[in-house]
2 protein chains.
Amino acid sequence: MVKKRARETDDDAEQAFLEGYRPGAFPRPSVTVDLVIFTVRDRVLSTLLVRRGEHPFKGRWALPGGFVRVSDDRLDQGESLDDAAHRELAEETGLDAERAGKVRLEQVGAFGAPGRDPRMRVISVAYCALLRPTLAPLVRAGGDVDAARWYPLDELPPLAFDHATILDRALAHVRARLESSPIAFELVPETFTIAELRTVHELVYGQSLDPGNFRKRFLRMVEEGVLEKARGSRATASKPASVYRFVRT
Amino acid sequence: MVKKRARETDDDAEQAFLEGYRPGAFPRPSVTVDLVIFTVRDRVLSTLLVRRGEHPFKGRWALPGGFVRVSDDRLDQGESLDDAAHRELAEETGLDAERAGKVRLEQVGAFGAPGRDPRMRVISVAYCALLRPTLAPLVRAGGDVDAARWYPLDELPPLAFDHATILDRALAHVRARLESSPIAFELVPETFTIAELRTVHELVYGQSLDPGNFRKRFLRMVEEGVLEKARGSRATASKPASVYRFVRT
DNA sequence: TCAAAAGTGTTGTTCATACACCCATGG
DNA sequence: CCATGGGTGTATGAACAACACTTTTGA
């Protein structure tokens, strides 16, 4: 009982502290989220870039992104980083909330080198995502950007800020992830053939893979229940191929 | 030439914009770095915690860390995130700059859930590090903390803020890293036996490893030149064992 | 129009590697 | 008791070979 009262006193002191607390005048950075969205277009791995309509770097291409909405209001401190990333995804790509919400965003890391934004100190939290090629054509410029377009990774224009660095790190992130988890399934349509999935892997890794070996790994995943055969087949360059589907857990 | 002039005009416009720019009144979050420092003490994987001397969470244990020093001054926007992490490492552990500078800090990610700090909106960038057990005893409370001590991972006290989450993610980060890179060498003294390194791996993974298999992997690394035999041997519980050293690249 | 050639996916084999599991030895 | 050192079987991936089916090419 004594212990409980002591605890309550502690809590009271903490409560009193919080109610009297006024955020100090220590300088704070702005915080943004930047998105690296990959897709496959015309058998090329591409990423979404937007053209900046305002200074700084006006006219330059940049990763989509924007400021995280925050507040010191104790009851509503604003949106989370993940929410901010999803909001920017929807805003800058024009995808509706339902589709944007289904996209799996993964945090790549925080980038905060001084001077990366000439206006002021900005710390950016980068996210990456893989967008189904069936959704990619729906993307259009939205928000406060001039234009939005998919750029093949080997035809990138000069990028604003340190976005080239962020893009490199995001690509490394996706490559590392691909070795251990089946996220590549987000880069193919709902149903796909073995060869189609192999092509996507080849694009991400940047090198060709042995069709036979890939097939074996693929069929092993079918036995494990990660993949399942879907109805129908598809006409390909050679033999008609069966189509498969990713089994959602 | 015309092109060059146009380009200069663009640059001029950008320059003019920057000189006229005044950071807006958009609310900004505070940004901190938090450190998850692992070491091995008495054959137990442990992490460094500090006791908070001030509200909020006064008296609670927390990860060492602090605010990133930033500024909107265009000539000096303050320290980088990595620098902030190293500075906090030195400040809160009392390690001298030379030793603290040698510690390899890796970014784990950004944590920015609203409400994680009851005072105000705070976004934290977490770093993790492995500290040589020979350095661990030198650590003492520094900076504005009550006390600092090493806690075994299975005897953690309740932590302030969302630091329990951050710690979990940092541990997962280290485990994932350990499978592909030899950072475990930072958790043993300069020279070590095969069994000692295996023990460290077992501690990090939380499960015992086959001595024979580990030995084979170890000797393979010796052949690759990642490790080399050091002079002397060490008396162990059983047979005297040779000692090895990590080859710095 | 038909047949050969080229392209591509499929199926099977070989080889080397790495790990899991087991066991005898010796300090 | 436990690290050492060795052994075997298995799973996996790399590289390669033979084959099936389709499309293209050219007589």
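What you see is a predicted model; the values in this text were computed from it and never measured. Letters go in sequence order (proteins before strands), and every chain restarts at 1.
Smallest separation of non-hydrogen atoms from A/Ala100 and A/His86: O-CD2, 3.5 Å. Of all heavy-atom pairs spanning A/His163 and A/Asp34, the tightest one is NE2-OD2, 3.3 Å.
Residue A/Met221 contributes atom CE, which lies 18 Å from atom P of D/dA11 at whole-angstrom precision.
Put simply, the side chain of B/Ser46 does not reach to within 4.5 Å of the side chain of B/Tyr151, judged on heavy atoms.
Between B/Glu186 and the choices B/Arg132, B/Lys102, B/Arg104, the side chain to side chain donor-acceptor pair (under 3.5 Å) rule is met once, by B/Arg104.
In this structure, the ring of A/Phe246 has its center no less than 6.0 angstrom from the ring center of A/Phe192. Between B/Phe218 and B/Tyr244, a ring centre-to-centre spacing shorter than 6.0 Å is recorded.
Salt-bridge check for A/Arg198 with A/Glu202: passed, with a basic side-chain N closer than 4.0 Å to an acidic carboxylate O. A/Arg177 has a carboxylate O that lies under 4.0 Å from a charged side-chain N of A/Glu106, or vice versa, which qualifies the two as a salt bridge. Checked for salt-bridge contact, B/Glu224 and B/Arg220 miss the test: no charged N lies under 4.0 Å from a carboxylate O.
Of the residues in residues 192-200 of chain A, none has a non-hydrogen atom less than 4.0 angstrom from any atom of DNA chain D. Taking a 4.0 Å limit (strictly below) on heavy-atom distances, residues 208-218 of chain A reaches DNA chain D at A/Asp210, A/Asn213, A/Lys216, A/Arg217.
Contact check, A/Arg220 against D/dA11: no side-chain N or O comes under 4.0 Å of OP1 or OP2.
Using a distance-only test at 3.5 Å, with no hydrogens or angles considered, a donor-acceptor pair links the side chain of A/Asp96 to the main chain of A/Arg99.
First and last contacting nucleotides of DNA chain C toward chain B (any atom under 4.0 angstrom from a heavy atom, 5' to 3' order): C/dA18 to C/dG27.
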